[in-house]
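Single-structure report; data block below.
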Amino acid sequence: MKGWMGKIKTLSLLSFLAVVLAGCGKENLTALVPKGYGAETSMDLIILSTAIMTFVFVVVFVVYLIAIIRFRKKKGQEDYIPKQVEGSKKLETVWTIIPIILVLILAVPTVAATFDLADESGKKDGINIDVTGNQYWWHFSYPNEEIQTSQDLYIPTGEKVFLNMKSTDVIHSFWVPSISGKMDVNPENENTMYIEAYEEGVYWGKCAELCGPSHSLMDFKVIAVSPEEYEQWVKDMQSVDPKAEPQDAVAQDGKAAFEENNCMACHAIGSSPAAVGPNLTNFGDRSRIAGFLEPTKENLVKWLQDPESIKPGNKMTGNYPKLSEEESDSIAEYLLQLKPSDITPESAGE
Ligand code: HEC
Ligand SMILES: [Cu+2]
């Protein structure tokens with residue numbers, strides 16, 4: 001019996017680990033493998049506090065074991081009561097001072113890190129990006145570069161990038177676990193933070209504040225590329241001609257259908273400022289559709305036909321004419337061809 005239980009326990013532990021670790025590999029939604037300054041700073045504090053916790057646990061446990069073994073009632077000691085001790089200045093001083101020291105060891109680096117992560121020196125000359133949280137998608141505006149984009153946030157590696165964050169509706173929270181901490185995105189006030197990625201890559205981000213029925217699908221990505229590639233991406237985005245005619249006939253029909261079906265009421269192509277829906281300038285370069293779907297034509301057609309079944313409560317549903325299959329198909333073709341840049345999520349490596 002005992003052997004069986006052991007095997008089952010080991011097996012379930014292993015499968016649990018397999019699930020957890022498999023998740024970490026692809027989506028890098030973990031704060032425990034830091035790839036950026038904010039995440040590394042947090043990780044250092046996690047290690048420090050875990051070490052202190054372990055130390056306290058071991059000391060208390062050893063004292064506890066000594067107490068229960070040494071002062072046990074032994075055979076033949078029916079009415080045994082250990083010697084009662086009361087009041088010891090020495091002991092009380094020691095167990096007051098030790099926790100104070102431990103709290104100081106914790107507090108000093110924590111407060112230092114808090115100020116460090118809020119330090120905005122270099123912001124004036126650095127890259128500034130206005131981040132807007134919306135139910136259930138993210139918008140990124142580069143005011144100095146005059147670029148608008150959504151869902152995928154492009155940044156150069158090895159540089160502080162300053163984010164100015166606001167929400168258009170409810171409270172959201174910006175979180176890219178492997179490179180930064182969390183920051184609330186509020187409707188009333190602007191919150192700021194900076195992020196810095198050490199290596200090129202696609203870093204998964206999540207909304208970390210319950211914001212409605214599709215909160216868990218409010219995903220985005222930080223695409224960190226080399227500074228040279230970032231420059232190139234900026235140039236590519238700036239030279240987009242939103243009126244350009246697509247090459248093939250289907251995509252041309254798609255562009256016409258896009259213009260006829262009220263899509264432009266909410267979606268901009270080009271650098272005109274954010275509207276009600278995501279900016280689609282580089283939609284064909286996106287790592288995901290609607291933040292989380294694989295960028296295939298099939299998924300896009302599904303989205304255009306019935307976004308509600310994909311993201312309940314989203315603000316597109318019901319606000320545009322029902323599309324025929326042919327229209328969805330040609331619009332999908334058109335949108336997937338909006339690829340202004342070779343600097344894409346794939347080129348950033350994983
Ligand atoms: C009333 C405003 C509105 C209209 C009209 C509208 N959309 Fe949307 N659309 C949205 C919103 C809001 C989202 C983001 C939904 C979400 O992720 O929560 C969206 C998302 C999308 C996406 C996914 C974007 C991305 O970044 O992944 C595509 C593609 C899209 N819409 C295409 C269209 C097309 C094509 C039309 C016209 C047939 C259209 N939309 C009409 C508001 C609108
Ligand atoms: Cu949210």
Side-chain angles (χ1 to χ4, degrees), residues 131-140 148-154 165-176 182-187 191 205-221 223 246 251 253-269 274-339 345:
V131 175
T132 314
N134 308 275
Q135 285 170 320
Y136 304 99
W137 59 281
W138 296 89
H139 187 73
F140 308 110
Q148 305 285 336
T149 183
S150 301
Q151 318 286 24
D152 286 351
L153 171 59
Y154 283 74
M165 312 204 264
K166 246 188 131 168
S167 162
T168 57
D169 36 50
V170 299
I171 302 175
H172 303 278
S173 176
F174 180 96
W175 190 33
V176 192
K182 284 178 199 164
M183 180 62 80
D184 269 10
V185 181
N186 298 333
N191 277 344
K206 279 245 162 221
C207 175
E209 180 73 54
L210 183 60
C211 59
S214 284
H215 156 70
S216 67
L217 305 174
M218 194 172 154
D219 294 3
F220 63 102
K221 313 282 173 292
I223 319 277
D253 289 351
K255 183 169 187 278
F258 188 80
E259 283 158 9
E260 280 156 20
N261 282 290
N262 202 32
C263 313
M264 311 268 260
C266 302
H267 294 287
I269 294 173
V276 184
N279 183 293
L280 300 177
T281 307
N282 60 347
F283 183 76
D285 290 336
R286 288 259 212 286
S287 59
R288 288 288 185 278
I289 293 171
F292 73 104
L293 291 174
E294 290 286 340
T296 61
K297 186 167 170 185
E298 206 191 342
N299 281 339
L300 179 51
V301 168
K302 233 188 256 167
W303 172 265
L304 297 177
Q305 292 273 319
D306 185 10
E308 194 61 19
S309 68
I310 295 171
K311 264 188 163 174
N314 79 79
K315 301 287 190 282
M316 173 156 153
T317 301
N319 291 320
Y320 64 101
K322 177 100 190 98
L323 302 174
S324 70
E325 255 170 57
E326 203 191 330
E327 278 173 320
S328 307
D329 191 81
S330 61
I331 292 178
E333 196 60 42
Y334 165 55
L335 293 178
L336 288 170
Q337 285 182 19
L338 297 173
K339 287 169 174 279

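Numbering of ligands and ligand atoms starts at 1, following listing order.
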Handout entry: Contact check: Met218 to the Cu ion (ligand 2), N/O/S below 2.8 Å
Key = yes
Completion exercise
In short, Phe220 meets Cys207 closest at the heavy-atom pair CE2-N, 4.5 Å
Exercise for the section: Looking only at protein heavy atoms, identify the closest one to atom 18 (O) of ligand 1 and say how far it is in Å. Expected result: Tyr136 N, 3.3 Å
Handout entry: Structural part of Leu300 in contact with ligand 1, heavy atom criterion under 4.0 angstrom
Key = side chain
Handout entry: the Cu ion (ligand 2) - name of the N/O/S atom of His172 that sits closest to it
Key = ND1
Practice task
Indicate yes or no: does an N/O atom of Asn262 lie under 3.5 Å from an N/O atom of ligand 1?
Solution key: no
Handout entry: Under-4.0 Å salt bridge between Asp329 and Lys297
Key = yes
Practice task
Indicate, as side chain, backbone, both or neither, the part of Leu304 found under 4.0 angstrom from ligand 1 when only non-hydrogen atoms are considered.
Solution key: side chain
Completion exercise
Residues pairing under side chain to side chain donor-acceptor pair (under 3.5 Å) where one sits in residues 206-218, two or more places apart or in two chains, turn out to be Lys206-Asp219
Exercise for the section: Mind listing the protein N/O/S atoms less than 2.8 Å away from atom 8 (Fe) of ligand 1? Waters don't count. Expected result: His267 NE2, Met316 SD
Practice task
Any atoms of ligand 1 less than 4.0 Å from a non-hydrogen atom of Phe283? List them with their elements.
Solution key: 24 (C), 25 (C), 27 (O), 29 (C)
Practice task
Please confirm whether Ala290 comes within less than 3.5 Å of ligand 1 when only nitrogen or oxygen atoms on both sides are compared.
Solution key: yes
Exercise for the section: Kindly say whether Asp184 contributes a backbone atom to a donor-acceptor pair with the side chain of Asn191 at under 3.5 angstrom? Expected result: yes
Practice task
Using a 4.0 Å heavy-atom cut-off, say whether Ile331 meets ligand 1 through its side chain, its backbone, both or neither.
Solution key: side chain
Completion exercise
The protein heavy atom nearest to atom 12 (C) of ligand 1 is Val276 O, 3.5 Å
Exercise for the section: Please work out which of the three classes, parallel, tilted or perpendicular, describes the rings of His139 and Trp137, given edges at 30° and 60°. Expected result: perpendicular
Completion exercise
Under 4.0 Å between heavy atoms, the region of Lys311 that gets near ligand 1 turns out to be side chain
Exercise for the section: Please write down residue, atom name and distance for the protein heavy atom closest to atom 20 (C) of ligand 1. Expected result: Trp303 CZ2, 3.5 Å
Problem - N, O or S of Cys211 under 2.8 Å from the Cu ion (ligand 2) - result: yes
Practice task
For Asn261 and Ala257, indicate whether the former's side chain and the latter's backbone hold a donor-acceptor pair under 3.5 Å.
Solution key: yes
Fill in the blank from the handout: Honestly, for Met218 the part within reach of ligand 1 (heavy atoms, under 4.0 Å) is neither
Handout entry: Within-shell test, Ser150 vs ligand 1, heavy atom, strictly < 4.0 Å
Key = no
Exercise for the section: Flag Arg286 as yes when one of its N or O atoms lies below 3.5 Å from any N or O atom of ligand 1, and as no otherwise. Expected result: yes
Practice task
Work out whether the distance between some heavy atom of Leu293 and some atom of ligand 1 is less than 4.0 Å.
Solution key: no
